[in-house]
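Every number for a ligand or one of its atoms is a count from 1 in the order of the listing. A quick note: this is a predicted structure, and the numbers were derived from the prediction, not measured.
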Amino acid sequence: MPRFIDTSAPGSCVFCRLIEGEIPSSRVYEDVQTLAFMDLGQVNPGHVLVAVKRHAATLLDVTPDEAAAAMRTARQVAIAFKSAFDPPGITLLQANGKEGDQTVFHFHMHVVPRHGDDGVALSWPRKDPPRERLEEYAAKIRRMLGVTG
Ligand SMILES: [Zn+2]
């Protein structure tokens, strides 16, 4: 994960300034709700960030329309990768909160071309709980979603 952490106040964060053109960026796509631009770190050639234009810190702060727009833009970028870089794989990464490995607190999604030996790794420590525990977790979420049964 990148070490840079943006501690700017909401509304003057690094992505807000980039979207306003106060900070230079290599833009690849823009629509009413989103901006796609090259990630400075380039985990792999072609690594793009898709940010919503309105300052919203996390997935919990964007509107459903903004979330959908970000995914639409990410998909368009992924389609462009096919011709531009022809990667055998593509990874989307969207982090929320410091503990979720978010480093710029303005909603964005990484779209990363992937290759078999690219050294990109995600620690994924499976806990494999028993079925009864899964049902407990599911019931908590269903209750919050208003799903009965
Ligand atoms: Zn911002």
Q: What angle, to the nearest 10°, do the atoms SG (C13) and SG (C16) form about the Zn ion (ligand 1)?
A: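 Vertex at the Zn ion (ligand 1): approximately 120°.
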Q: Taking just the N, O or S atoms of H55, which one is nearest to the Zn ion (ligand 1)?
A: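 Nearest to the Zn ion (ligand 1) within H55's N, O and S set: ND1.
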Q: State whether the side chain of Q42 and the backbone N or O of D39 hold a donor-acceptor pair below 3.5 Å, judged by distance alone.
A: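 Answer holds: yes.
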Q: Which atom, counting only N, O or S, brings H106 closest to the Zn ion (ligand 1)?
A: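 The closest N, O or S atom of H106 to the Zn ion (ligand 1) is ND1.
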Q: I'd like to know if R133 pairs up with E136 as an ion pair, taking the criterion as any Lys NZ or Arg NE/NH1/NH2 lying under 4.0 Å from an Asp or Glu carboxylate oxygen.
A: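 The answer is yes: the pair qualifies as a salt bridge.
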Q: Evaluate whether atom CZ of R27 has more than 12 neighbouring non-hydrogen atoms of other residues, nucleotides or ligands under 6.0 angstrom away.
A: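 Enclosed.
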Q: Using 30° and 60° as the class boundaries, would you call the ring planes of H110 and H47 parallel, tilted or perpendicular?
A: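 Tilted.
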